[in-house]
Amino acid sequence: MEITYAQLASDSPLDEKSRYLRTLVLDALEGGGRGHLASALSLIEIVRVLYSNILNHDPTNPNFQQRDRFILSKGHGCLGLFAVMADQGYFPKEFLKTFCSFDSSLGGHPERFTLPGIEFSTGSLGHGFSVGVGMAMAARLRKENWRTYVLMGDGELNEGSVWEAALHAAQHKLDSLTLIVDYNQMQASGNSDLIVSLTPLREKFASFGFEVFEVNGHNLIDLDLNLRKQPLSGGKPKVIIAYTIKGKGIKSSENSTTWHHKAKITKEEILNLRRELLH
Amino acid sequence: MRQEALTTVHKLARNNPRVLFIGSDLGAGTLEAMRKELPNQFFMEGISEQHIIGFISGLAQEGFIPFFNTIGTFITRRAYEQVCIDIALHNLPVRLLSGGGGMVYAPLGPTHTAIEDFSLMLSIPGLHVFSPADANEMRTLLEASLEDPRPYYIRFGKGGEEIVTSDFQIFDFMPRVFGLEQSEFVICTTGVMLQTCLATKQLLESDGRSTTVIHFPYLNQLHISEYLSLMQNAKKIICIEEHVPRGGLFTQILHEFVNLCLSVEKVSHISLPHSFSHNYGSQENHLNFHGLTSLAIYRKLLNLGN
């Protein structure tokens, strides 16, 4: 029987660093007493590989012109992004504990004006892809070589504007644009296929004119290799469908709608999450 | 006015590579001269206003100045959230060129008539809303806009409007006053209703009733405090706008009056009704029907004044 990417993602072990990044997520979650935990845990390896191996970026000079642009279009997954950014040195890790507090730079969705290094404020779904198309076009018009990466959730693909953006990205042959789908196949209300089925997602993007790559979204090498690949056909935008597990790494949050977003999280719940992460 | 706007964008683009024109399937031949001369600064995208607002926001974020033209309702209604979040939240120098303000597209029905666009756009923090009266004001506004890093929403009239603002060759956000510093009647208006109100002024003055018209091309801040004496001494003040009564010029006037502790007792208005029209015909038919003509305004002011 063929082993699916979803199975690979489920079985994929986490190394020490990925576990550590998850402890940072829990630090922020504990500080704020709320957050989209499971949505963040599914994208940590994707963001980790981007910031460690792929993006041309500089935490000490976040706005230098030749940087690659990265937009977390599924802004509710920001706990994962904040953990990686803290680890990369964009801000002190102690800041994580201020998550969602009144004067924190770390809100429930990422904001350009409060946190250096955030390219574009997101939160309402279906915006980041179009903005990324505009940025990729800007690079072309300026004849600059930086790339644009947009990370979206699969639930976000329900938004019609996403497919408008896909049509236009292909029409303009924006091959400096990489879309990454955090394909955990869950959304707030349950299994995505039971809400609005995206299957077959590869064929959908291929028919829209994208070069499509499928990866195990928790496997660092698989992510690295595919993020580095350039489209085989010239002039095509690229999409990486990253099979992931919502809530990956903490059993009680895996494939859990309860932990999609939770408020009034107790100390005891945090302790239990930490224990589960260690085992 | 639209033609002047598009021609001005072309001229601005010629001298500034940051200036881009973007349309959404606006029809063959639109700005053909610019498309041929400056193909890298001309984009005719598909029918996808939500995407286009995000797209031009990405371009603006990277230093470009996009001028996006389409029918007003497709900007203000369909892409409201993109205007709010992608453009206004990020304070990007995007210029939304909104075609068919008010009842211009009356023959096409209520999906196309931008009767509440001021209200929608003025409710967005940081978005600056303009309603020029003629091609001269449109040109001066667009030229001045290049120096401003903030986002603009600009309502167009139908086109072919009589030029009445030629005394003003630099756009400075201030109201345009036509008349004396003291008069019996003050008519406040915006956009292409200015010409109608100037005709009303002529009718009233031929009866010996002094009248001043104030045109507000910039709707976010009316600067009423600059005209306190005029407002305080007027017998009647009327607001004329091709817009629903809520959230447009009339509301802005009331806000500023209240903030300045001025009495609103003598302020009235003629607006479009707060309802969708299920009639067609021409823009003129609708303006006639709702009393937005020089004669109807004249009669109303005479009634109020007597």
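As the structure is a computational prediction, the values presented were derived from the model and not from experiment. Each chain gets a letter, A, B and so on, in the order the sequences are listed, and its residues count up from 1.
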Close aromatic pair by centroid cut-off 6.0 Å: A:Phe205 and A:Trp163: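 They qualify: ring centres under 6.0 Å apart.
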
Going from CZ on A:Arg69 to NE2 on A:His57, what distance comes out if it is rounded to the nearest 0.5 angstrom?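 Answer for the CZ-NE2 pair, A:Arg69 versus A:His57, is 14.0 Å.
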
Under 6.0 Å from the six-membered ring centre of B:Phe64 and within 45° of its axis: does the NZ or CZ of B:Arg18 meet both?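 No - B:Arg18 does not lie over the ring of B:Phe64 by the 6.0 Å and 45° rule.
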
What orientation do B:His51 and B:Phe55 show, parallel under 30°, tilted 30 to 60°, or perpendicular over 60°? parallel

Per-residue contact mode, [X] against chain A (heavy atom under 4.5 angstrom):
X: B:Ile87; result: neither
X: B:Ile53; result: neither
X: B:Ile56; result: neither
X: B:Gln82; result: both
X: B:Glu81; result: both

Could you look at A:Phe120 and say if it's the side chain, the backbone, both or neither that has a heavy atom under 4.5 Å from chain B? both

At a 4.5 Å cut-off on heavy atoms, which part of A:Gln65 comes close to chain B: side chain, backbone, both, or neither? side chain

Among residues at least two apart in sequence or on other chains, which ones pass ring-ring contact (aromatic ring centres under 6.0 Å, His included) with B:Phe173?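 For B:Phe173, the residues satisfying ring-ring contact (aromatic ring centres under 6.0 Å, His included) (neighbours in sequence not counted) are B:Phe130, B:Phe171, B:Tyr218.
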
Donor on one side chain, acceptor on other, A:Ser105 and A:Thr114, under 3.5 Å: no

